[in-house]
Structure formats: C-alpha cells, structure tokens
Amino acid sequence: MGKVSITLMLIIVLVAVIVTAAVTYLVANAIRNAKDKKTVENAENKARKIYDDALKAAEEKKREGLLEIKEESIKAKNELDREIKDRRAEAQRFERRVQQKEESVEKKLDALEKREQSLTAREEDLAKKKEVISKLNEQRLQELERISGLTSEQAKDYLLKIVEDDVKHETAVLIKEMENKAKEEADKKAKEYVISAIQKCAADHVSEAAISVVQLPSDEMKGRIIGREGRNIKTLETMTGVELIIDDTPEAVVLSGFDPIRREVARIALERLIVDGRIHPARIEEAVEKARKEVETVMKEEGEAACLDVGVHGIHPELVRLLGKMKFRTSYGQNMLRHSVEVAQLCGLLAAELGLDVRVAKRAGLLHDIGKAVDHEMEGSHVQLGTELCRKYKESATVINAVEAHHGDVEPTSLIACIVQAADAISAARPGARRETLETYTTRLKQLEDISNSFKGVDKSFAIQAGREIRVMVVPEQITDDDMVLLARDISKKIEDELEYPGQIKVSVIRESRVVDYAK
C-alpha cells in the first residue's frame with residue numbers, strides 16, 4: 001500500500017511536471033505570439049508611416065517639378081517672343097534699306113536715262129562737228145602744204161623725227177633716273193655686304209709663272225744632269241714632258257712647261273737626283289715615278305685641306321683630287337686653289353649676310369673653277385668642263401648653275417649663283433691678286449679703244465687708269481646729250497660681251513661744243 005502510494009505520488013508528480021511543462025510552453029508560446037504580433041503591427045505602422053511620408057515627399061517633388069517646368073516654359077516663351085520681336089524689327093529695317101536702295105536705284109536709272117539722252121544728243125552734235133572739223137582739216141592740210149611747200153608724207157616724216165627725238169630724250173631721262181635710283185638703293189647694301197665680306201676674308205696671294213727653278217750645288221752638276229751624249233736630260237724631258245734649260249742661269253736649272261703638274265713632278269725628281277748624286281736613265285725613271293706618286297698624294301691632301309678650311313663635306317673624292325690639282329694651276333699669276341678657297345669663304349660670308357644657305361654657297365664657290373684643273377687635258381672652256389664634272393659627280397642643281405653662270409655664259413637661276421659671280425670678281429679684282437703680261441695688258445687696252453671707236457658719232461677714245469676707264473669723245477653735231485646716255489650703255493654692253501677683265505671698267509662719254517670767232 002505504501003509502495004503503491006509512492007508510485008502513485010511519483011506518477012502524479014511526473015504528470016504534474018509534464019502538465020506544468022506543457023502549460024509553460026503554451027504560455028510562453030502565447031506570450032511570444034503576442035510579442036510577434038505586436039512587433040508586426042509596429043512594423044506595419046512604421047511602414048505605413050514611411051509610405052505616407054514618401055507619398056507626401058513625392059507630391060512635393062512633383063509640385064516643385066511642375067513649377068520649374070512652368071517657369072522654364074514661361075522663360076523660353078519670353079525669350080522666343082523677344083527673339084521674334086528682334087527678328088521682326090531686323091526684317092523691318094532690312095525692308096526699309098531695300099526700299100531705300102530701290103529708290104536710289106530708280107533715281108540712278110532716271111539719271112542714267114537722262115545722261116544717255118544727253119550723250120546721244122552730244123554724239124549727234126559731235127558727229128556733225130567731226131564732219132565740219134574733217135572738212136576744215138582737209139582745207140588746213142591743203143593750205144599747210146601750199147604754205148610750207150611740203151607734202152603730207154614729208155610733213156609726217158618731219159613729225160616722226162620730232163616724236164623720235166622726244167621719245168629718245170624721255171628714254172634717256174628715264175634710264176638715267178632708273179639707274180640713279182637703283183644705284184642709290186643697291187649701292188649702300190651691296191657695299192656693306194661686300195666690304196664686310198672682304199674685311200672678314202684675308203687670303204694670301206702667290207704669283208707663279210710657267211717656269212720652275214731648281215738650285216744646283218755647283219755648275220759641275222749640270223754636266224751630270226746632261227749625261228753622256230745628253231742621255232740623262234733627254235730621259236728626264238721624255239719622262240716628265242718638261243723642257244730643262246741649263247746654260248742660261250748659273251748654278252740653277254730652269255724647268256719650263258705649260259703644265260704645272262709636270263713641272264712639279266720634274267722639280268721633285270730633279271731635286272732628289274741631285275741629293276742622291278746617282279743620275280742615270282734607270283735612276284731617273286725611278287725618281288720620276290716616285291715624284292708622280294708624291295704629287296698625287298699632295299693633290300689629295302691639299303684638296304682635303306681646302307675642303308676642311310672652308311667647312312664643306314661630302315664632295316666626291318675625284319672632285320677633291322681635282323681641287324688639290326688646282327694647287328699647281330695659276331691664272332694671271334693667281335693660285336687657283338687659293339682663289340677657290342677665298343671665293344668659297346666670300347660666298348659663305350655674303351650668303352650669311354643675305355640669309356641664304358651658307359653651306360651650299362661655300363660649296364658652289366669652292367667648285368666654281370673646278371674645270372681649270374682639267375682644261376689643259378680636255379677640249380672646252382673651264383666653265384663647260386666644270387659643269388660636266390659637277391653633273392658627273394651628282395652635285396646639286398644650284399651648284400651646277402652657279403658653276404655654269406659664274407662668267408655669265410648662262411643666266412643665274414638663284415641668288416647663290418649671283419653671289420658666286422660677285423665673290424669671283426672680288427677675288428680676281430683684289431689688288432695684288434692677279435698680274436698680267438705686258439702683251440695681254442696692251443692688247444686689252446687696244447681692244448677697249450677699238451670697241452669704242454666702232455660706234456657711230458665717236459671722234460676718238462682713250463683707255464686710261466690702267467684700262468679701268470675708257471674716255472670717249474663724240475662729235476657734238478651727231479650725238480646729242482640724250483644720245484650720250486644710250487651710247488654709254490651700248491659701249492658698256494659691248495665691252496662686257498667681248499672682253500674678259502678683272503674688276504670693272506668705267507665708260508665716260510664726253511660731248512664738247514666750241515665756237516670760235518675773231519674780232520678784227
């Protein structure tokens with residue numbers, strides 16, 4: 001009984017625990033559900049409030065947007081109205097201008113019609129007057145022919161002579177004015193450029209002739225040079241192409257030949273033979289061959305040195321060799337290599353003053369006389385030969401034209417060609433640069449006087465100032481003051497075409513009239 005009651009008690013307690021647990025769970029679940037429901041309601045309330053706020057904000061934004069759109073549309077409408085108003089005003093102004101122009105055109109047309117009518121009437125009047133004038137002219141001509149005793153053809157010739165004299169006078173005056181103006185404008189600049197170039201370029205000048213002199217230690221050496229039966233001197237002359245003159249000068253041998261290269265080879269070979277003392281045909285041949293090689297080396301080195309002095313690069317090696325060859329070439333006693341270097345330097349200075357390409361100018365100046373290196377060996381003038389060499393070795397067109405035009409054989413096509421002409425004249429005309437033989441000098445003076453005397457109306461002429469001026473006396477009855485201007489130009493032109501001379505020649509034409517009477 002006691003055990004049953006305990007078991008029952010346990011069961012009751014267990015049931016009570018289970019019931020309590022179940023009740024607790026249900027209560028907790030109910031409380032949780034109540035809290036969740038309240039949370040949901042709170043969330044719904046918040047969401048509803050947010051939604052309402054969003055609707056209010058959207059309404060406000062919508063109202064603001066509508067207001068802005070309305071303001072913009074009003075503003076655009078106002079601007080459009082103002083623009084339409086301005087355009088309408090502009091159109092009205094344009095219409096008024098068009099109307100005014102139409103009125104002006106109408107007035108001008110009326111004036112033109114009136115003028116045309118007036119001109120028509122005047123033309124008719126002039127036509128009538130022309131008929132009258134024509135008849136009067138015929139009568140006047142008949143009367144003039146009767147009074148003067150000249151026919152109309154004779155009178156026409158007389159009038160043409162008067163007109164020709166007037167035209168000649170006006171031409172002479174115009175030429176004089178143009179020359180004076182050109183000289184005034186050009187002389188100042190030209191003198192500045194030329195003087196500046198000359199001052200900056202100072203080159204030495206060496207006078208050379210067609211002979212070379214080799215000094216001998218004694219006159220006994222002459223016999224050894226001549227050799228047995230003259231075989232040594234014959235071998236030397238045959239090998240070098242130079243004539244040896246032994247007997248004229250004591251203790252010296254004169255080498256004579258037109259080719260300076262041959263003379264130089266002969267001079268070097270002879271000096272070596274004299275130092276060596278062994279003079280016989282085999283030794284002479286060996287010495288001449290060595291001398292030729294030495295001269296070739298010297299030519300190459302001199303050409304390269306000239307290019308280096310001037311600052312010109314990229315020239316063909318053969319042209320460089322020919323430049324070096326010009327060291328042994330002279331013209332009027334002036335060394336051609338030194339002359340070419342000086343012309344190149346002057347061209348560079350003048351080109352720099354004028355703002356031209358200095359390198360091309362120097363190149364043209366250095367190569368302008370390159371033809372003189374071969375004119376002893378080939379047919380043709382040094383200008384033609386130089387032009388052919390420059391074309392052969394692919395020089396530029398500017399350089400070729402400068403070489404071709406430096407003596408006026410063709411027209412220069414660039415300022416650089418004109419600069420080369422000027423630099424060549426400066427170098428040749430410089431005092432001490434060149435010398436002439438007496439025969440060449442007197443021949444040029446005679447040619448100057450012959451050219452001047454060949455013109456009609458020239459009485460006599462005199463070459464003075466060492467050939468730098470020619471004074472021409474004219475017959476005053478045949479040459480007028482106006483004719484003097486034209487005569488001076490014609491004489492100058494003919495001198496330029498027919499003579500070669502350094503510098504410039506002044507032509508002075510003098511017309512003098514004298515009247516002599518005697519009181520008795």
Side-chain angles (χ1 to χ4, degrees), residues 203-217 221-222 224-227 231-246 249 251-310 312 315-331 333-341 366-367 369-378 385 389 393:
D204 295 330
H205 298 282
V206 181
S207 295
E208 298 180 9
I211 61 172
S212 299
V213 179
V214 177
Q215 298 297 327
L216 301 178
M221 184 62 69
K222 290 183 179 179
R224 299 175 64 182
I225 293 173
I226 294 171
R231 62 178 186 174
N232 290 345
I233 191 172
K234 287 179 182 178
T235 302
L236 193 55
E237 288 180 343
T238 303
M239 292 292 297
T240 60
V242 174
E243 181 183 2
L244 274 71
I245 304 172
I246 292 181
T249 308
E251 295 186 358
V253 175
V254 177
L255 307 177
S256 176
F258 72 94
D259 191 332
I261 305 292
R262 295 178 186 173
R263 289 205 316 272
E264 184 66 13
V265 170
R267 184 187 68 79
I268 295 173
L270 186 57
E271 287 179 350
R272 287 185 174 176
L273 289 169
I274 292 170
V275 171
D276 185 42
R278 295 175 297 169
I279 305 177
H280 53 81
R283 181 64 179 163
I284 290 171
E285 291 179 4
E286 181 183 349
V288 169
E289 189 63 30
K290 289 183 177 178
R292 282 203 182 97
K293 293 179 180 179
E294 183 176 339
V295 170
E296 284 290 330
T297 303
V298 169
M299 286 192 296
K300 182 179 178 182
E301 291 175 352
E302 289 292 332
E304 292 172 350
C307 294
L308 187 62
D309 289 344
V310 178
V312 175
I315 295 180
H316 193 278
E318 181 61 22
L319 290 180
V320 174
R321 189 187 73 83
L322 293 176
L323 279 173
K325 189 176 181 181
M326 290 170 66
K327 173 181 171 61
F328 306 103
R329 173 77 161 85
T330 61
S331 177
Q334 186 180 25
N335 185 278
M336 284 292 95
L337 180 58
R338 292 297 95 203
H339 166 68
S340 296
V341 170
L366 187 63
L367 297 175
D369 269 344
I370 193 67
K372 288 187 177 180
V374 294
D375 60 353
H376 285 316
E377 308 164 5
M378 302 170 65
L385 296 173
L389 286 171
Y393 295 111

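In this chain, numbering begins with 1 at the start of the sequence shown. Model, not experiment: these values are computed from the prediction.
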Seminar exercise, completed: For K290, the side chain to side chain contact (heavy atoms under 4.5 Å, CB included) test, sequence neighbours excluded, returns R272, E286

Exercise. Rounded to the nearest 0.5 Å, how far does CG of L366 lie from CG of L319?
Worked result: 9.5 Å

Problem set entry | Residues that R267 engages under salt bridge (Lys or Arg N to Asp or Glu O under 4.0 Å), provided they are two or more places apart | E264, E271

For this session: Might you point out which heavy atoms bring A291 and A269 nearest each other, and give the distance in Å?
Result: CB-N, 3.9 Å

Seminar exercise, completed: For L389 and V374, the nearest pair of non-hydrogen atoms, with its separation, is CD1-CG2, 4.0 Å

Exercise. Any side-chain heavy atom of M299 sitting closer than 4.5 Å to one from K327?
Worked result: no

Seminar exercise, completed: Rounding to 0.5 Å, atoms OG1 (T240) and CG (L270) come to a distance of 9.0 Å

Exercise. Does the side chain of L323 reach to within under 4.5 Å of the side chain of V341, using non-hydrogen atoms?
Worked result: no

For this session: With rounding to the nearest 0.5 Å, note down the distance linking CD1 in I233 to CD1 in I245.
Result: 9.5 Å

For this session: Please list, chain by chain and in numerical order, all residues satisfying ring pair (Phe, Tyr, Trp, His ring centres under 6.0 Å) with H280, sequence neighbours excluded.
Result: none

For this session: Name all residues meeting the side-chain hydrogen bond (donor to acceptor under 3.5 Å, both in side chains) criterion together with D309; count only those two or more places apart in sequence or in a different chain, and write none if there are none.
Result: none

Exercise. In Å and rounded to the nearest 0.5 Å, what is the CD1 to CD distance from I370 to E318?
Worked result: 9.0 Å

Exercise. Residues two or more places apart in sequence or in another chain: which of them pass side chain to side chain contact (heavy atoms under 4.5 Å, CB included) with P281?
Worked result: R231, N232, T235

For this session: Quick one: list whatever passes side chain to side chain contact (heavy atoms under 4.5 Å, CB included) with V320, sequence neighbours left out.
Result: E304, C307, I315

For this session: Could you check E302 against M326 for side chain to side chain contact (heavy atoms under 4.5 Å, CB included), going step by step and ending with a plain yes or no?
Result: CA-CA 9 Å; E302 289 292 332; M326 290 170 66; over 6 Å; no

For this session: State which residues pass side-chain hydrogen bond (donor to acceptor under 3.5 Å, both in side chains) with R224; sequence neighbours excluded, sorted by chain then number.
Result: none

Exercise. Sequence neighbours excluded, which residues qualify as salt bridge (Lys or Arg N to Asp or Glu O under 4.0 Å) partners of E237?
Worked result: none

Exercise. By side chain to side chain contact (heavy atoms under 4.5 Å, CB included), which residues pair with E289, not counting sequence neighbours?
Worked result: R292, K293

Exercise. For the atom pair CD1 (I226) and CD1 (I279), what is the distance rounded to the nearest 0.5 Å?
Worked result: 10.5 Å

